[in-house]
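Down below is the structure, laid out as structure tokens.
Just so we're clear, the structure is a prediction, and the values are computed from it rather than from any experiment. Letters go in sequence order (proteins before strands), and every chain restarts at 1.
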Amino acid sequence: MEYNFTAIEKRWQIFWEEEGSYRTDESSGKPKYYILDMFPYPSGAGLHVGHPLGYIASDIVARYKRHQGFEVLHPMGYDAFGLPAEQYAIDTGNHPADFTDKNIARYREQLQMLGLSFDWSREVKTSDPAFYKWTQWIFIQLFHSWYNINSDRAEEINTLIQEFEIHGNENVNAVCTPTPSFTATAWNKMDEQEQQKILLNYRLAYIGNSEVNWCEALGTVLANEEVKDGVSERGGYPVVKRTMKQWFLRITAYAERLIQGLDTISWPEAIKEIQRNWIGKSTGAEVSFKIKGTHEDALDLNVFTTRPDTIFGATFMVLAPEHALVSAITTEEQKNVIQDYIEQAKRKSDRERMAETKKISGAFTGAYAINPFTGTEIPIWIADYVLADYGKGAIMAVPGHDSRDWAFAKHFNLPILEVVKGGNVLEASYDAKDGELVNSGFLNGLMVKDAINLAISKLEEAGIGSKQINYRLRDANFSRQRYWGEPFPIIYKDDIPYSVNEKELPISLPEVSSYKPSGSGSSPLAALNEWVNLPDGSRRETNTMPGWAGSSWYFLRYMSPNNNEEFISKEREQYWKNVDFYIGGAEHATGHLLYSRFWHKFLFDRGFVSTDEPFKKLINQGMIQGRSSILYRKKDSNTFVSKNLISNYETTEIRVDVNLVENDILNTDLFKAWRPEFQNAAFILEGDKYICGAEVEKMSKSKYNVVTPDSMVAKYGCDTFRMYEMFLGPIEQSKPWNTEGIDGVSRFLKKLWNLFFDKDGNISLSEEKPDADELKILHKTIKKVTEDIERFNLNTCISSFMICVNELGALKCNKRSILEPLIILLAPFAPHISEELWQQIGNNSSINKCAYPKHNDEFLVESTFEYPISINGKLRAKLNLDLNLNKEQIEKAVLQLEEVQKWCNGNPPKKIIVVPGRIVNIVV
RNA sequence: GCUCUGGUGGUGGAAUUGGUAGACACGCAGGACUUAAAAUCCUGUGAUCAUUGCGAUCGUGCGGGUUCAAGUCCCGCCCGGAGUACCA
């Protein structure tokens, strides 16, 4: 019987579907295992061969865990809100939902074709009102919460209101927008509007009037994570800073816990490091400087520094141009200079500012600060190398020990002072935190570390400074001026935001006539007068939520996807807890993976979930790149020159569809038919072949290098395709797609198939007892495959299967006792062929229900070992010896070898190292 | 610049605790079967030299070191990929 993969795969996919093989059942009483793939955005292009890499890997683990007796949650769904659908809607006038649903249908079809064991009954999409009802609900919880530093967690806003009513805000220790202090009496006297304004300073979802990333081309603001190199991540349009009223989420409240939590989860070190850097914790001190000529209680200049030890070396101060004190301290003579500089800085876009980082610029305010320890007067400058929104927006410049300050000092001819020994401050700044303090009064003679501590305690004693920790992380901008996103569950009364009643959820996305952003900074929803303006005079929030809102919690929804009463069923949450194993790309390191952790910690604080990290283990699959095929066109002609002949001609390169090329040889007939302009193409061949060039680059339509899983499955079957994707190499590594090697896997499955059939094509298994060799082959494979799945080395599993089948083939083994466990072992990797063979050999229930085979060490015991004999560390001979021999016996046997005698040349060996069961090394 | 990664045959890759470098595949070459091709099977395949046989030397980005023994550990460099970028 032929191995007809098309028929086999279809048959079992229908069977599993009908049988409900992959339905998850929380009542099974088994231990749970939650394995998750990252939420795909269903793009119009569908899947290419790179996408399924992670899906296949997670599917193998899911199936393996089921065989191991776990109840497995392995769901799939769609991050369905997003810009491409909206852009399509703007361009065509069609509803983005239609476009999205069409794409989802295509995605699902492709995923099902791969035999992935998802529980499709749990499929979710973020654009479904039944889903975003709960995204809006979580937002309301954020709105109704504040972060209490004393209890170090988020609490319901009522606990804050109660505190205000009794003690005012004097004892409140919260992560909040700076708020003047008030007493209980004052609070109780305030009217509703005043109280709400104050509460907004404390809420975890709040409205801020601050600088945002405005992207004119997209007509919306973007989060820091959505801006790369001064342009939008999607589309690459310029982004400028602009002050707007926006919703923010107070993620900064969780900065420390987001760092600490990294130590408790099993993630790639690289991703953890990216998150640590993104959060950007730095420890130092806040120091307050008096300004010359102002009174005691007048303006102080506060700075943040990580090097309080170098305070004696501070020879000037620098403020950000936007700093609040600038206008107050600037002297009459310097007013114009400063004004000009501020204007000039304002005009620069982020991009220009970045491009000009090497250019040094600044202006002198005319004012002086007083060094609290020396009394020295220090000139105060402004410069755009100091950022307004980091630290205090002001620094004490120590040119001797900070390279940026040094460059600034050189440029403006300011004094440079050495206060830490170790470098030559006339040549370059000495930034290392290592060395002895000099020229520094009471710090002299101390090493940097001790000096930092002493400086801080002196500052604290004098009441002019304290230890301080700063984070680079900013609160997350949560408003988008877009149509295709979740509407906010917020209405305004007299400009004060209130959450809508939870019973009114979901606030559905209304129909609009135009999907275009208004451009003035409001969304298409703002044009819907009837929707916006409510009968009682209040009005709705018209922004929508960003793309990452739904993806920050979707993995919880899979646990109880149809629950209409709660965002997550309590008992289901108790069972599944969090994701055991998460697989996806590394590109979400500072977006999705950080926001999800933030939301999860928040939900944990508020008692809605019982774990404080969402994803216990994370693996990043590598990218599969495209391998483009290149033709060389003779200049100004329709003649194409084969690759190795191009040095004789002047040629230009063009890319050709990789589907017209096999093993780098162009099918010239297909090429002529590809496009009308190539109909009469001529070729200069090598022999009778046209050899193409190749380049590795991103897989994309425009490069004609897209290979789809559909074409691979049609040609080789999905079992072969699945195994080949795994065989390519370690899952984490990026590599170019190359179809050539797939034949090896295809041959392997045919060889396996043939083990089950006699030469007339009839199924034929022997019931004979297996011999020691056969058992060894099987159990060696079981051991290796099991260990490798546990380590997630799926590529070497495939090699082991190949070795096993090759060895059994050589023995012509067709014994049931060997082949039956083998196909169970293989079932997670190639489920269809395994199920087919399983049922052909007389089993009636699905192979999916079988327990995974366990290896038995007894069958693996060897009695002899072929020792590699090296002389001076180089392999010279081999010798088969009994493993029971002791060191002396081995030594004796080895010395008698002719080869050894030859190398010894009559002299006794200097030294012999014998590692029993491993190696013998002789030093001569 | 800083941080993280990686560098092994013609190609994808293996070597899990310092112990036979190149498993397993692809490709290539030769052979068998065939009228022929495809498919299948067998043999060979790191490089150089020697080839009548034995063999010898080199070899995991480069240069050092530790060790009986280094792809693996240590020190210093080079190159690629990713992240980040005036973060005080």
What interatomic distance, in whole Å, is found between [atom1] of [M] and the corresponding atom of [N]?
{"N": "B:rC24", "M": "B:rG46", "atom1": "P", "answer": "12 Å"}
{"N": "B:rU72", "M": "B:rA21", "atom1": "P", "answer": "14 Å"}
{"N": "B:rU8", "M": "B:rA29", "atom1": "P", "answer": "25 Å"}

Contact under 4.0 Å: A:R627 side-chain N or O vs B:rU11 OP1/OP2
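Looking at the OP1 and OP2 atoms of B:rU11, neither is under 4.0 Å from any side-chain N or O of A:R627.
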Within residues 795-808 of chain A, residues whose heavy atoms come under 4.0 Å of RNA chain B:
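Output list: A:N795, A:T796, A:S799, A:M802, A:I803, A:N806.
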I need the residues from residues 915-923 of chain A with at least one non-hydrogen atom less than 4.0 Å from RNA chain B; give them sorted by number, or say none.
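Result for residues 915-923 of chain A: A:V915, A:R918, A:I919, A:N921, A:V923, sorted by number.
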Return yes if a side-chain donor-acceptor contact under 3.5 Å exists between A:Y385 and A:D405, otherwise no.
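The criterion, which ignores hydrogens and geometry beyond distance, is satisfied for A:D405 and A:Y385.
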Side chains of A:Y3 and A:T720: do they bring a donor and an acceptor to under 3.5 Å?
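Absent: no donor and acceptor within the cut-off.
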Between N or O atoms, less than 3.5 Å apart, protein on one side and nucleotides 3-9 of chain B on the other: list the pairs.
none

Side chain to side chain donor-acceptor pair (under 3.5 Å) contacts in which one or both residues fall within residues 800-813 of chain A, not counting sequence neighbours
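Found A:K751-A:N806, A:K780-A:E807.
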N-O pairing of A:D263 and A:R276 below 4.0 Å
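So A:D263 pairs with A:R276 through a salt bridge.
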Under a 90° cut-off about 0 for the syn range, is B:rG9 syn or anti?
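Chi for B:rG9 falls in the syn range.
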Heavy-atom nearest nucleotide on RNA chain B for A:G729 versus A:R472: which residue maps closer to 5'?
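Final value for this comparison: A:G729.
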Checking contacts here: which listed nucleotide (B:rU16, B:rA14, B:rU84) is nearest the side-chain heavy atoms of A:K784?
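Of all the options, the side chain of A:K784 is nearest to B:rU16.
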Where are the stems of RNA chain B, defined as at least 3 consecutive Watson-Crick or wobble G-U pairs with both distances under 3.5 Å?
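Detected stem regions: B:1-7 with B:78-84, B:10-12 with B:24-26, B:27-32 with B:40-45, B:46-49 with B:55-58, B:61-65 with B:73-77.
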Protein-nucleic acid N or O pairs under 3.5 Å, nucleotides 37-45 of chain B:
none

